[in-house]
Colleague: 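Below is a structure I'd like to ask you about.
Read the numbers this way: they start at 1 and go in the same order the structure lists the ligands and their atoms.
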Amino acid sequence: MATALRLRRIGYAVTVIDNNPKAGGRAQVYEINGFKFDAGPTVITAPFLFDELFALFGKKREDYIEFLPVEPWYRFEFSDRSKLDYGGSIEDTVSEINRLSPGEGNGYVDLVNFSKRIFKVGFEKLSDQPFHKFWTMIRQVPALLALKSYLSVYKLVSRFLKDERLRRAFSIHPLLVGGNPMNTTSIYCLIHYLERKWGVWFPRGGTGSLVEALVLLMQEEGIRLELNYSANQVIVEDGKAVGIKMAGGLEKRADLVVFDADPAKVYRDLIDEQHRNKWTNRRIDQLTYSMGLFVWYFGTSRSYPEVKHHTIIMGETFKDLLEEIYDQKVLSNDLSLYLHRPAATDSAMAPTGGDAFYVLAPVPNKQASIDWKQAGERIRLQVEQQLESNLLPELSACIEVSHYVTPDDFEGKFNTLWGCGFSVAPLFTQSAWFRFHNKSEELENLYFCGAGTHPGAGLPGVVVSARLIEKLVPPARDDCLSDLRRLFSSKSKTFSLASLLLPKAQADAVFRLYFICRTLDDWADEGNADLLRDAMDAWQNNLPHDLLDHYRFLQARWGLERKPLTELMKAILMEQQSVRMSSEAQLLEYCHGVAGTIGLMLCPIFGVKDEKALEHANNLGIAMQLTNICRDVFEDAENDRIYLPADLFSFVLTTKDLTLGDCDSRKACTAAKEHLLQMADELYANADAGIDYLPLRIRIVVRWASRMYREIGTVIRAEPDHYHETRAAVKRSKKMFFLIKCIARSFYKN
Ligand SMILES: Cc1cc2nc3c(=O)[nH]c(=O)nc-3n(C[C@H](O)[C@H](O)[C@H](O)COP(=O)(O)OP(=O)(O)OC[C@H]3O[C@@H](n4cnc5c(N)ncnc54)[C@H](O)[C@@H]3O)c2cc1C
């Protein structure tokens, strides 16, 4: 869903296909006899990632779904009947730890600090970049070694905590993403800090309500959702994925195919082996897979208010249990369980007087020879007895509804290889570059997001993978780029020449931006106010729009702000009526709207974020616009537009004064222009200081543009009368002279 939204934002028409009758994948809802159960994720960490999805479309997550804080985040129940409540402030956790194991609180604080360091690299630097290039991985190796990523999570935690119960409790995080704490790289300790930094949340109405909120957002943004369709082949032509074939033979063609499904399964079963070099069946079979899950959903006729929202019931064994699950692949007699009781946070999650739960037991995946048709009910009974004997007295007598899923269901329902819960395990050798790449190594136009890809399983990982897709896919309607380039060179020969100095990606972004601004400008010149108003309407209501989708693409790829385009469109719309500037202040505001904003839009494309640099860019745009105004006074007056501010004149200036005016009005006009050109000169000088913020090649281009605009002022000043009716221009030879000078100056300054 997150990926669909991100693709939509950058201008793709998106259709989501899912084999299930309900949206949400593993996060869907089971409704059984009036009880509602979230099937999968229940712990919401990093809530800002969801806020971000809504904000992409100018919407607020809070308007769609409320997140409730969970307290405590988890309760641990140990086999010796001791308990630990984990969550709240660090001090709360420290005092709980000291109660359980006196003096160990400080070790916990050190663990949090170390996880913070891991988080800074693992989440802030690694998770957010696509690892389709080996070099990206190599560059991070020193940092990873410094963070002891060669240790397992359990080993790292053991360096900080001595009590075995604490070691187990604070090592469980890999299990949340399918890994064995005994061999999952300690990088995954970052999950610990993720919880510490943003807390643990639960959507009001359950995770299903979060899915509904995302579905609503998708509908509002025009994304199609087609349920009950199963893709069973990727259509390949000339090494490119060009669509999918459904069960039943129906074909769907597309510019891009993005799979959120388990990549191991997609490569193995949906793409003929002749199209695969790296991900051969043999290689896929050799990977290490995450564990299977046994999940029992049950409703009771009585409630259990003393049970917390998330309870982790640790069995007697830990290492042995993990070995049984991951290595020996046999069912254990000593299960560790996670019990979910959502009514602890949101009372509406259970019927009055009753309660609703799910309990999850990690079990071997289907690489084990377990017949789940036989074993399922046996395990359910084992779990029921375990719960009844300590946490849920009288459970067996008050069960109202009961439904369980086993690795068979994960295989059949969610199409995962070996029926595992979280795709390939998060080992170091199966993470980042080693994991399934977000951009397929095998076929053009094929992409992967979701749990099996980088950065990994769990909602935060899956939502971040959508960000990576947005970074990796080619721009929507990329075929239009050559048209944009052509348009740019036909309309603006000089700048098209200058663009040769830009790196290709930046040049393409500039063409795109030019196309947007030029189109808006053309609509304005041609009097197409309706088109402008439609665009403004689409922009303000976040509706799809062919032209503005290009801007949305730039926002996604280069981080352009929303505000400059809003201001630009407002200023252009304002010009649709006859223009009379009353004051200098009004004129400057207008110049900011039509030109300063473009400077602001270009900054992120040129890699500039500094506030001061933005101010210089805005000033350069304003200066250029003032120059334009002085150049076009006559032509503008003919179109009933007077930009020269009224407060510079001692009489009421009319368009006739500017087109047919006598000597006095001509003189007043020249004086006003001189005044504006002086203002422009000051702004050029100020903007010059900002040019040093730019990378070298871009510095040359911007300095050249600035110099040439300034020269237009010099030309006007030399012969004001002549250039009243005639458009002032800079000679070609001078343009070249300036270019050479700017190159020399930029190198010298460097
Ligand atoms: C029981 C359980 C509890 C969990 N708890 C948490 C938690 O508390 N917090 C947390 O952050 N994470 C949790 N997770 C992990 C998290 O839910 C998953 O990592 C995440 O939901 C995976 O999302 P996804 O989009 O990668 O895959 P999915 O949610 O599986 O979505 C993929 C969809 O594609 C469909 N599909 C697959 N193949 C095809 C095909 N060929 N044609 C059409 N459709 C297809 C699948 O059926 C599925 O509907 C939990 C997972 C489980 C199973």
Colleague: If I compare all heavy atoms of Lys278 with all of Trp433, which pair ends up nearest, and what's the gap?
Modeller: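 The pair with the smallest heavy-atom distance is NZ-O, 4.5 Å.
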Colleague: Tell me, please: is Pro460 in heavy-atom contact with ligand 1, that is, under 4.0 Å?
Modeller: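 Yes.
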Colleague: Who's closest to atom 31 (O) of ligand 1 heavy-atom-wise, of Val43, Asp260, Thr416?
Modeller: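 It is Asp260 that holds the nearest heavy atom.
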Colleague: Going by heavy atoms, is Met246 under 4.0 Å from ligand 1?
Modeller: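 False for this residue.
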Colleague: For atom 18 (C) of ligand 1, which candidate among Gly458, Gly450, Ser465 provides the closest heavy atom?
Modeller: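 Result: the heavy atom closest to atom 18 (C) of ligand 1 is in Gly458.
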Colleague: For atom 6 (C) of ligand 1, state which one of Ala466, Pro41, Ala27 supplies the nearest heavy atom.
Modeller: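 Of the listed residues, Pro41 has the closest heavy atom.
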Colleague: Any nitrogen or oxygen of Phe259 lying under 3.5 Å from a nitrogen or oxygen in ligand 1? Just yes or no.
Modeller: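 No, no N or O pair falls under 3.5 Å.
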Colleague: What part of Ala39, side chain from CB on, backbone N/CA/C/O, both or neither, has a heavy atom under 4.0 Å from ligand 1?
Modeller: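 Under 4.0 Å from ligand 1, Ala39 contributes backbone atoms alone.
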Colleague: Would you say Tyr154 and Thr184 are linked by a side-chain donor-acceptor pair, where the criterion is simply a distance under 3.5 Å?
Modeller: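 No, no side-chain donor-acceptor pair sits under 3.5 Å.
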Colleague: Just checking, any donor-acceptor pair under 3.5 angstrom between side chains of Gln367 and Tyr326?
Modeller: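 Short answer, no.
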Colleague: Using a strict 4.0 Å threshold on nitrogen-to-oxygen distance, state whether Lys308 and Glu77 make a salt bridge.
Modeller: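 Here Lys308 does not pair with Glu77 in a salt bridge, since their nearest N and O are not under 4.0 Å apart.
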Colleague: Could you walk me through whether Ile65 and Phe50 pass side-chain contact (heavy atoms from CB on, under 4.5 Å), step by step?
Modeller: CA-CA 10 Å; Ile65 178 84; Phe50 293 100; over 6 Å; no
Colleague: Who's closest to atom 35 (C) of ligand 1 heavy-atom-wise, of Asn19, Leu459, Val405, Leu194?
Modeller: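 Checking each option, the heavy atom nearest atom 35 (C) of ligand 1 is found in Asn19.
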Colleague: Heavy-atom pairs closer than 4.0 Å: do any link ligand 1 to the side chain of Tyr358, the backbone, both, or neither?
Modeller: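 Side chain only.
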Colleague: Please say whether Gly421 places an N or O atom under 3.5 Å from an N or O atom belonging to ligand 1.
Modeller: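 No, Gly421 has no N/O under 3.5 Å of an N/O on ligand 1.
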Colleague: Are any of the side-chain nitrogens in Glu212 or Lys22 under 4.0 Å away from the carboxylate oxygens of its partner?
Modeller: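 Looking at Lys22 together with Glu212, the answer is no, because their closest N to O distance does not fall below 4.0 Å.
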Colleague: Hey, is Arg467 close enough to Glu470 for a salt bridge, meaning N to O under 4.0 Å?
Modeller: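 Looking at Glu470 together with Arg467, the answer is no, because their closest N to O distance does not fall below 4.0 Å.
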Colleague: Just heavy atoms, cut-off under 4.0 Å: does Leu360 contact ligand 1 by side chain, backbone, both, or neither?
Modeller: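 Just the side chain.
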